[in-house]
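Data first, discussion second: the structure below is written as structure tokens.
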Amino acid sequence: MSLPAYLDERRQAVETALTTCIPDAPPVIVDAMRYSLLGGGKRLRPVLALSACEAVQRREGPDAWAMAMPVACAVEMIHTYSLIHDDLPAMDDDSLRRGRPTSHVVHGEGMAILAGDGLQAEAFALLAREPVSDDPRIAVRKLAALQTMAEAAGAAGMVGGQALDLAADPKHARPQQAPPAPVMDAQALADMHARKTGALIRASVIAGAIMGGATDPALAALDRYAREIGLAFQIVDDILDVEGASADLGKTAGKDAASGKPTYVGLYGLDRSRELAAGCLHRAEAALADAPLDGARLAGIARWIVDRRT
Ligand code: GRG
């Protein structure tokens, strides 16, 4: 099967599974949660979770990925919550996401905040609940996956990265006695992105692999792989922010560059940024090469991340 067909098959399975993830709740909040969760997106993180599970099990298909489907859905719910909150006027203040008006534009700010909160809480409920099993070994895997996801989403991960980003943005109101916004050098930029976007991408891979029963050596290799693709994803995102069109990206293009935010392209220029992304790809492939798993699909996804246009 070609990589595009492989990705499509998993995306479709995730789309179907996601429709079952929002609980029976007041329609006003269900509508807002569904609007964002089922409104498109590349579904990169859930596909990574399924592929990592398949890689450690050395087999492909619905039987292999069933163990990781709750992780796949949960990570997309957490990711979607982060996008809703990031788009709010108090944060990045954006009106276009996934080719549609953002949650607060459609549902109002208060409901958008609640939709994000609801998605995050339901993601952790899903991780605790599924896959349903009496097997204590599965319970151990579920707990490890849940911890991985919580730490990635939390203050040392995505929330911490977003906080660093916010603190460095001069346009954000700061109390008068607060120190001036810090200027980010290359190291600070890498650290901010490793937390803000890298941590959840890493957690997708690691939690998916945990659910597949990964050994410690396999997890160590996947950790190296995931950190490299997380960085590559961000570098390419910065390149696309400069080169891409809003219609292709489904979000406002050129915004980071225009707002004077620190970016890889701003620090290194386009050519060097492309070289840096290629270096990440090379190291991600190397991490998989000798690992005790079947890494061919994960290597393909790494190449796709670097070559993507949206
Ligand atoms: C609000 C706690 C909190 C965190 C927000 C991830 C994040 C932190 C903000 C997203 C802002 C942003 C546009 C970052 C650039 C990289 C990124 C995560 C893009 C969106 O991810 P994709 O490209 O989106 O995977 P789709 O829509 O395809 O799922």
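When a ligand or atom number is given, it counts from 1 through the structure's own listing order.
- Residues forming a side chain to side chain contact (heavy atoms under 4.5 Å, CB included) with A188 (at least two apart in sequence, or on another chain): M184, D185.
- When heavy-atom distances to ligand 1 are checked against a 4.0 Å cut-off, Q162 comes that close only through its side chain, counted from C-beta outward.
- When S82, G40, P46, G41 are checked for heavy-atom proximity to atom 6 (C) of ligand 1, S82 turns out nearest.
- Cluster membership check: V75 shares its hydrophobic cluster with L126, using side-chain heavy-atom separations under 4.5 Å among Ile, Leu, Val, Met, Phe, Trp and Tyr.
- Those atoms of ligand 1 with a heavy atom of Q234 less than 4.0 angstrom away are 16 (C).
- Contact annotation: the side chain of Q162 never approaches that of S82 to less than 4.5 Å [non-hydrogen atoms, C-beta and beyond].
- Ligand 1 has no N or O atom lying under 3.5 Å from any N or O atom of E76, backbone or side chain.
- In summary, K142 and D135 do not engage in a salt bridge, as defined by a charged side-chain N under 4.0 Å from a carboxylate O.
- The shell of residues lying under 4.0 angstrom from ligand 1, judged by heavy atoms, excludes R43.
- Close approach of ligand 1 to F233 (heavy-atom distance below 4.0 Å) involves ligand atoms 16 (C), 17 (C), 21 (O), 22 (P), 23 (O), 25 (O).
- Not counting sequence neighbours, the partners of E60 by the side chain to side chain donor-acceptor pair (under 3.5 Å) test are R297.
- Of all atoms in ligand 1, listed by their number and element, those nearer than 4.0 Å to a heavy atom of H85 are 1 (C).
- Less than 4.0 angstrom separates some heavy atom of Y81 from each of these atoms of ligand 1: 2 (C).
- Contact annotation: D237 has at least one heavy atom less than 4.0 Å from an atom of ligand 1.
- No side-chain heavy atom of D238 sits less than 4.5 Å from a side-chain heavy atom of S273.
- The contact set between ligand 1 and R98, taken as ligand atoms under 4.0 Å from a residue heavy atom, comprises 26 (P), 27 (O), 29 (O).
- The hydrophobic clustering, which links ILVMFWY residues whose side-chain heavy atoms are closer than 4.5 Å, places M69 and I206 apart.
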